[in-house]
Amino acid sequence: MTAAPADGARRASHDRKDMAHIYLDELQHLAAAGLAAAGANPDMADSTARALVYAESQGLSSHGLSRVPFYAGHLRTGRAIGTAVPRIVHQRGGAALIDAGSGLAFPACAMAVGEAAARAREHGVAFVGISNSHHFGVAAYHLEALADAGMVALALSNSPAAMPAWGGKRPLFGTNPIAAVFPRRGGARLVIDLSLSQVARGKLMIAARDNQPIPLGWALDADGQPTTDPKAGLAGSMLPAGGVKGAMLALVVELMVCALTGARFGFETESFFVDEGGPARLGQAFMAIDPGALAGNDAYLERVDTLVDAMLQDEGVRLPGERRRKLRDEAIKHGLDLPDALMTQLRAMAGAS
């Protein structure tokens, strides 16, 4: 008998007849097996499954197990190359460029994070870019290892065109996620993770799958009109977070991860949500800073704690990353509830009964 989830919402979800309860290690196995069956090499299958289970465990279903069928479709049609092995193609000092070989992004991201940690330790700061890449999931996931190494770190990625340049109608920029992590002396690290659209495009994908409407203000249809239809929004464009400011930040990310790496801009590749087309060849970048190279670790940690203490003096303030961390802790102990339809699909892809 499985232990009951501690969270009321998850317990209610578990009681629904259209939901299946499963533990994370089984999910990891199913996702990896399904990706391997679609052509991913063992490292690619395992690293991708690990990242997707991480996302699902934090309540980020738009970047979780629902992505397995899409990734598998790309592997089968050649939009992602399952035999790809990432490699360093340029390097100098604290900078390096990794070619993902048009495979799924996660092996290249793991290599980039390792390089960023080593180079920041040696040079104080590091910038590692990735070209010829694919969707990299939850941006903050990749920063966990850098935080474990005591680094302040940033992660950036572009994605297929979903937002217009400010004042335009044509989708040009991706939703272009940004994440940052700040280690602390004793408390949980600060984790900031956001896409530059009003919501992640994957939320429209989930709404479309479930035949649910979306709120006004999330997306425009192909004619540039506000819509509550997620399918129309996917065929149209996303609205930037913060209006012109979000659009300008999306431009910054696009240039940082493409102009510096040679990767494709978002408008030069097809949507992630179709199997047709060639490899995405998108870009990512990871920046790592060793606090010891600047004011020193003690000064850094004291300054972070001083700011956190000031923030928490206001009742109702919740530190960034806190909710996701609690959800993951619960999922590790009690497992997850996933839609029966998704579980049936995952088991079929993995060849499980």
Side-chain angles (χ1 to χ4, degrees), residues 41-51 54-55 84-158 177-186 188-193 252-253 255-263 281-304 321:
N41 64 44
D43 181 45
M44 187 182 297
D46 288 344
S47 61
T48 302
R50 193 176 308 113
Y54 173 93
V85 176
R87 61 191 180 92
I88 297 174
V89 291
H90 296 290
Q91 56 183 316
R92 187 171 73 199
L97 176 63
I98 292 171
D99 186 338
S102 294
L104 296 180
F106 300 95
C109 290
M111 176 182 283
V113 164
E115 287 292 326
R119 291 170 190 270
R121 192 69 69 202
E122 180 178 358
H123 300 283
V125 63
F127 182 103
V128 181
I130 302 174
S131 65
N132 293 322
S133 194
H134 195 266
H135 183 255
F136 86 153
V138 174
Y141 167 76
H142 306 287
L143 302 183
E144 295 279 1
L146 289 168
D148 289 342
M151 302 286 177
V152 172
L154 296 171
L156 312 170
S157 180
N158 75 324
I178 299 175
V181 66
F182 296 86
R184 293 172 60 199
R185 191 189 309 274
R189 59 199 53 165
L190 299 180
V191 181
I192 299 99
D193 189 350
V252 169
V253 173
L255 291 168
M256 290 289 287
V257 304
C258 296
L260 289 173
T261 69
R281 295 180 179 170
L282 296 174
Q284 283 104 32
F286 298 94
M287 288 170 273
I289 302 167
D290 183 352
L294 298 168
N297 283 310
D298 288 342
Y300 161 78
L301 293 168
E302 183 277 325
R303 290 285 77 197
V304 172

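The structure displayed is predicted, hence computed values, not measured ones.
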Check against side chain to side chain contact (heavy atoms under 4.5 Å, CB included), His134 and Ser102: CA-CA 7 Å; His134 195 266; Ser102 294; over 6 Å; no

Pair Phe182, Arg303 - check side chain to side chain contact (heavy atoms under 4.5 Å, CB included), show working.
CA-CA 11 Å; Phe182 296 86; Arg303 290 285 77 197; over 6 Å; no

Carefully, step by step, assess Ile130 and Met111 under the rule side chain to side chain contact (heavy atoms under 4.5 Å, CB included). CA-CA 10 Å; Ile130 302 174; Met111 176 182 283; over 6 Å; no

Run the side chain to side chain contact (heavy atoms under 4.5 Å, CB included) test on Val125 and Met287 for me, step by step, so that the C-alpha distance in whole Å, both residues' side-chain angles and the decisive distance to 0.1 Å come before the verdict.
CA-CA 7 Å; Val125 63; Met287 288 170 273; 6.0 Å; no

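Atom-to-atom distance recorded for Cys258:SG and Gln284:CD is 9.5 Å, nearest 0.5 angstrom. Separating the CZ atom in Arg119 from the NE2 atom in His123 is a distance of 6.5 Å, to the nearest 0.5 Å. Distance check: Asn41 CG to Ser47 OG gives 8.0 Å after rounding to the nearest 0.5 Å.
Closest non-hydrogen pair, Ala147 versus Val181, comes out as CB-CG2, 3.6 Å. Between Ala288 and Ala120, the closest heavy-atom pair is O-CB, 3.7 Å. Nearest heavy atoms, Ala140 versus Ala179: N-CB, 3.6 Å. The heavy-atom pair separating Ala105 from Ser133 by the smallest distance is CB-OG, 3.3 Å. In terms of heavy-atom proximity, Ala108 sits nearest to Ala100 at CB-CB, 3.6 Å. Between Leu301 and Arg184, the closest heavy-atom pair is CD2-C, 3.6 Å.
Between Gln91 and Leu97, every side-chain heavy-atom pair lies at or beyond the 4.5 Å cut-off. Side-chain contact between Leu154 and Leu143: absent, with no pair of heavy atoms (C-beta onward) separated by less than 4.5 Å. Ser157 has its side chain out of reach of Leu282: every pair of non-hydrogen atoms, C-beta onward, lies at least 4.5 Å apart. Between Ser131 and Ile98, every side-chain heavy-atom pair lies at or beyond the 4.5 Å cut-off. Between Val85 and Met44 there is no side-chain heavy-atom pair separated by less than 4.5 Å.
Between Arg189 and Glu144, at least one side-chain nitrogen of the basic residue sits less than 4.0 Å from a carboxylate oxygen of the acidic one, meeting the salt-bridge criterion.
Looking only at distances, no side-chain donor or acceptor of Asp99 sits under 3.5 Å from a matching main-chain atom of Val89. Arg121 places a side-chain N or O within 3.5 Å of a backbone atom of Ala149 that can act as its donor or acceptor partner. Under the 3.5 Å distance criterion, the side-chain polar atoms of Asn158 are matched with a main-chain donor or acceptor of Gly283. Checking side-chain atoms of Tyr300 against main-chain N and O of Pro183 turns up a donor-acceptor pair under 3.5 Å.
More than 12 non-hydrogen atoms from other residues, nucleotides or ligands lie less than 6.0 angstrom from CZ of Arg185.
Ring orientation note: the planes of Phe106 and Tyr141 are nearly perpendicular, at an angle over 60° on the 30°/60° scale. Ring geometry for His142 against Phe136 counts as parallel: the plane angle stays under 30°, on a 0 to 90° scale with 60° as the upper cut.
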